[in-house]
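Encoded as C-alpha cells, the structure appears first; notes follow it.
Throughout, numbering of the chain's residues begins at 1 and tracks the sequence.
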Amino acid sequence: MNIYPKTSVNFEGLDKLISYVEKYKGIELQFFDENGIMEQIDIKTPVEKLLERVPSIKEITIHPPLCNYDIEHVIFKDISIIEEQLRVCVVLARKYNIKINLLYHTQIDFIKHKALTIDKIKNLLKIIEGENVTLLLENLFMFDEQECTVFKLAEYINHPNLKVCFDICHMYCKANIYKTDIETFAKKYLDPQLCKKYIYQVHFSHTLNNDGYIDRKTHGRVHDNIEELEYDLNLLTKYGMDKCNYITEVSEDNYNLRVDQLKELDMLEKACQQ
C-alpha cells in the first residue's frame, strides 16, 4: 500500500507534508474552479513546479474542481476540455517518467451513462491507451443509484486505463442517508471482486456524527483515534482494498498547517505496520 498526502494546486501546507511525499513518492493535487464553471484548468504548470520542489515524485493524481465539474458536465459542455487534459497528462508522464491519474466525479447513474456518455468515455480512453496515465472515476453520494455506478462503468468499459477512486466518506454518507449501519450497507454497495479488479486508489478519512452530508464539517475529517481508523481500514481490506494507493483526503481548519492530515497520515502508517 502507498500512502499519499493531498494538497491544493497552490501547495498549501506542502512543506508540512513533504516527508510523506518523499517517502511514498506520490501526492494528489486538488484544483479549484478559479476560471469559471467548467473551464479548462492548467495542469502543466503546477505539476512542473511540484516536480521542481520534489523531484523524487513518481505518481501524481490530478483532481479537477469540485463543483459543477463532474465528468458528464464537462463532456456535455465541451469534451475537448478533457481531451486536452489527457493529452497534457500523456506529455508530462512521458517527459518526467511518472504516473499521472486524472480523477473525475460522476453524479448520474449507470443507465444514464449508458445512454449518454459511454461512447464518449471510450473515445477519451483512446488518448491514453498504452500510456502511463489513468482516468479515475470517483463514487459520490447525493444521487439515487441502485448499485455503485463507478464499478458498473469500469466493468462495462473494461479498459486498463480506466479505474476507480473509492471514497470511504462518500460510502458512509450514503449509509447515513439510508439510515443503515455501514457494514450492512457495504454488503450491498461493494462487490469484493470488482473492488479488487478496478479500485486503484482510496480517498481515506472519517465521517463524524453519523452525518457527512448535512453539516459539511462532519465530512472527510481526521479519525479521532487509531482504533476508529483501524476499523475503517479493516472494513476496506475486507473488500479487497489492501493493495491500493491511500490518499488522506482530510478537511481541516488550517490548510497551511495540515495538523489533521498529519495526524491521519501518522495513524494510517502505524495501522498498516501492525
Check whether more than 12 heavy atoms from other residues, nucleotides or ligands sit under 6.0 Å from atom CG of Asn225, and answer yes or no. yes
If you count every heavy atom of other residues, nucleotides or ligands that lies below 6.0 Å from Lys77 atom NZ, does the total exceed 12? yes
Could you give all pairs that pass the salt bridge (Lys or Arg N to Asp or Glu O under 4.0 Å) test and reach [range], with sequence neighbours left out?
| range | answer |
| --- | --- |
| residues 99-110 | Asp109-Lys112 |
| residues 17-29 | Lys6-Glu28, Lys23-Glu269 |
| residues 218-231 | Arg221-Asp253 |
| residues 125-136 | Arg94-Glu131 |

Sequence-distant partners of Ser56, side chain to side chain donor-acceptor pair (under 3.5 Å), two or more places apart: none
Could you pull out all residues at least two apart from Tyr172 that satisfy side chain to side chain donor-acceptor pair (under 3.5 Å)?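 If we apply the side chain to side chain donor-acceptor pair (under 3.5 Å) test to Tyr172, skipping adjacent residues, the hits are Asp232.
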List, by chain and then residue number, the residues other than Val91 in its hydrophobic cluster (Ile/Leu/Val/Met/Phe/Trp/Tyr, side-chain heavy atoms under 4.5 Å); write none if there are no others. none
Tyr255: hydrophobic cluster co-members (side-chain, 4.5 Å):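 Besides Tyr255, the hydrophobic cluster comprises nothing; the residue is isolated.
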Check this for me, if you would: do Glu48 and Lys95 make a salt bridge, where the nitrogen-to-carboxylate-oxygen distance has to be below 4.0 angstrom?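 The answer is yes: the pair qualifies as a salt bridge.
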Going by salt bridge (charged side-chain N to carboxylate O under 4.0 Å, His left out), name the residues that satisfy it together with [X], two or more places apart in sequence or in a different chain.
| X | result |
| --- | --- |
| Asp266 | Lys270 |
| Lys163 | none |
| Glu147 | Lys152 |
| Glu72 | none |

Sub-3.5 Å donor-acceptor pair from the side chain of Asn176 to the main-chain atoms of Lys179, do we have one? no
Apply side chain to side chain donor-acceptor pair (under 3.5 Å) to residues Asp70 and Gln107 and explain how you reach the verdict. CA-CA 7 Å; Asp70 302 323; Gln107 292 199 69; 2.8 Å; yes
